[in-house]
Amino acid sequence: MILITGASSGIGEACALLLAEKKIPLILIARRSDRLSLTHKKCQELGSKVYSFNLDVTKTADIISWAQKNCDLLSKCEVLINNAGLAVGLKTFDQVESHEWDQMIDVNIKGVMLFSSLLLPHFIKKDSGHIINLGSVAGHHVYPRGNVYCATKHAVHAFSQSLRADLLGKNIRVSEISPGMVETEFSEVRLQDKDKAKKVYQGLKPLSAHDVAEVIAWCLDRPKHVNIEEIILYPTMQASPTLIHRL
Ligand code: NJP
């Protein structure tokens, strides 16, 4: 069984669909109930047993009490895909409001830590498990107006490395997947403007959510003694967050 956070769109949804094709049971989490039920239905149609929950990963107390109520279900989980994440705005730091950095920190860092902390006791008990964290090229490079988002993804990178060190000696794998530009709802959420979001991907072929999901599925499919530390993947026409070739 695989738990995916942020399964209502983009990379999370693409992972759910790809894993459902393999008939793997899934636990799907996101806030938007209409979108999550759509993913749920599509995965069921592909033949997977699906449990979905409308949860906000920033609501720590709610998540902890949900995890306690669903302890049996979580104990069956072998993989956690910490995918829920977002960027809020593209402003110089002096213009960023505190609620904006709170949201990025709460989802991108604290959400990843929270779900890791809830699944790890089960993984440790079984001496088996795999955590996949969605990092970013923004976890390696910074770019103008990326300030808080870049900081959160640098934190995901450090956390993934540190977790791997803490778990040394246990059969628990930790992998980080760090994409460049992926055409999802990411830019729409970030810019709050559909037209501006479209322009982000103009003149080049970005990665698709499915491209990233395939890389994640490949990491999961490696034999249990093989732990992929990190995969950084770019569209061919992108060489760094700021080096982009557009036609
Ligand atoms: O974006 P999008 P992606 N509680 O917006 C969920 C990283 N990444 O697939 O709650 C629970 O289509 C949200 O669900 P909902 C990025 O940082 C991307 O591209 O219903 N869930 C939705 O399902 C992120 O970590 C790019 O709104 C919450 C999902 O997160 C990951 O890839 C590049 C939530 C976001 O789906 C997936 O993002 C890169 C909450 N509080 C890294 N807040 C890229 N697209 O270019 C959000 O380097 N979600």
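Starting from 1, each residue takes its place in the sequence as its number. Values below: all heavy atoms of this structure, side chains included; hydrogens, waters and symmetry mates excluded.
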Would you mind reporting whether [Y] and [X] have side-chain heavy atoms less than 4.5 Å apart?
X	Y	value
L167	L120	yes
I29	I63	no
L233	V182	no
I27	N70	no
P241	Y234	yes
I64	L114	yes
I11	I216	yes
K153	H157	no

Shortest non-hydrogen contact from [X] to [Y]?
X	Y	result
G6	A30	CA-CB, 4.4 Å
S116	F159	OG-CE2, 3.8 Å
P179	L207	CB-CD1, 4.2 Å
A217	L18	CB-CD2, 3.8 Å
R164	E229	NH2-CG, 3.1 Å
N82	G111	OD1-O, 4.1 Å

Taking a hydrophobic cluster as the set of Ile, Leu, Val, Met, Phe, Trp and Tyr residues connected by side-chain heavy atoms closer than 4.5 Å, whether directly or through intermediates, do [X] and [Y] fall within one such cluster?
X	Y	answer
V142	V200	no
V212	V107	no
V79	I124	no
L17	Y51	no
V226	V174	no

Do side-chain atoms of [X] reach the backbone of [Y] as a donor and acceptor pair under 3.5 angstrom?
X	Y	value
D127	N171	yes
H154	C150	yes
S75	D72	yes
D193	K196	yes
S48	I24	yes
Q238	M181	yes
T39	A7	yes
N108	L86	yes
R190	A87	no
R173	I228	no

How many angstroms lie between atom [atom1] of [X] and atom [atom2] of [Y], to the nearest 0.5 angstrom?
X	Y	atom1	atom2	value
S33	L55	OG	CG	11.5 Å
I232	H140	CD1	NE2	3.5 Å
H122	C77	NE2	SG	8.5 Å
L3	N83	CG	CG	11.0 Å
M1	K49	CE	NZ	8.0 Å
I2	L28	CD1	CG	10.5 Å

Output every pair passing side chain to side chain donor-acceptor pair (under 3.5 Å) with a member in residues 15-26, not counting sequence neighbours, ordered by first then second residue.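 For residues 15-26, and leaving out neighbouring residues, the side chain to side chain donor-acceptor pair (under 3.5 Å) pairs sorted by first residue read K22-D221.
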Does the pair T58 and Q103 meet the rule for a side chain to side chain donor-acceptor pair (under 3.5 Å), with working shown? CA-CA 8 Å; T58 69; Q103 201 186 351; over 6 Å; no
Taking only residues two or more places apart in sequence or in another chain, which ones pass ring pair (Phe, Tyr, Trp, His ring centres under 6.0 Å) with H141?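 H141 satisfies ring pair (Phe, Tyr, Trp, His ring centres under 6.0 Å) with no other residue.
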Under the side chain to side chain donor-acceptor pair (under 3.5 Å) rule, what do D211 and S208 come out as? Steps first, then yes or no, please. CA-CA 5 Å; D211 294 327; S208 68; 3.1 Å; yes
Report the C-alpha distance between M237 and I244 in whole Å, list the side-chain angles of each, state the deciding distance to 0.1 Å, and finish with yes or no for side-chain contact (heavy atoms from CB on, under 4.5 Å). CA-CA 6 Å; M237 294 301 148; I244 298 163; 5.7 Å; no
Does [X] have any side-chain contact (heavy atoms from CB on, under 4.5 Å) partners at least two apart in sequence or in another chain, and if so, which?
X	result
E78	K126
D62	K59
Q202	K199

Of R32, K194, K198, which is the lone residue that meets salt bridge (Lys or Arg N to Asp or Glu O under 4.0 Å) with E185?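 Going through the options one by one, the only one that passes is R32.
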Is there a side-chain contact (heavy atoms from CB on, under 4.5 Å) between F115 and L74? Walk through the geometry before answering. CA-CA 11 Å; F115 273 85; L74 294 188; over 6 Å; no
Test side-chain contact (heavy atoms from CB on, under 4.5 Å) applied to L134 and V156, step by step: CA-CA 8 Å; L134 261 292; V156 170; over 6 Å; no
Any residue meeting salt bridge (Lys or Arg N to Asp or Glu O under 4.0 Å) with E176, in chain and number order, not counting sequence neighbours: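 In terms of salt bridge (Lys or Arg N to Asp or Glu O under 4.0 Å), with neighbours along the sequence ignored, E176 is linked to no residue.
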Let me see the working for I81 and I177 under side-chain contact (heavy atoms from CB on, under 4.5 Å), right down to the final yes or no. CA-CA 10 Å; I81 304 181; I177 308 299; over 6 Å; no
Exceeds 12 heavy-atom contacts within 6.0 angstrom, atom NZ of K91: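 Yes.
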Atom CZ of F53 with >12 non-hydrogen neighbours under 6.0 angstrom: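 Counting neighbours around CZ of F53, more than 12 heavy atoms of other residues, nucleotides or ligands fall under 6.0 Å, so yes.
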Which of these passes ring pair (Phe, Tyr, Trp, His ring centres under 6.0 Å) with Y149: W101, F93, F186, Y143?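 Looking at W101, F93, F186, Y143, the match for Y149 under the ring pair (Phe, Tyr, Trp, His ring centres under 6.0 Å) is F186.
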Knowing that exactly one of S160, S175, S178 qualifies, which makes a side chain to side chain donor-acceptor pair (under 3.5 Å) with N133?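 Of the listed options, the one satisfying the test is S160.
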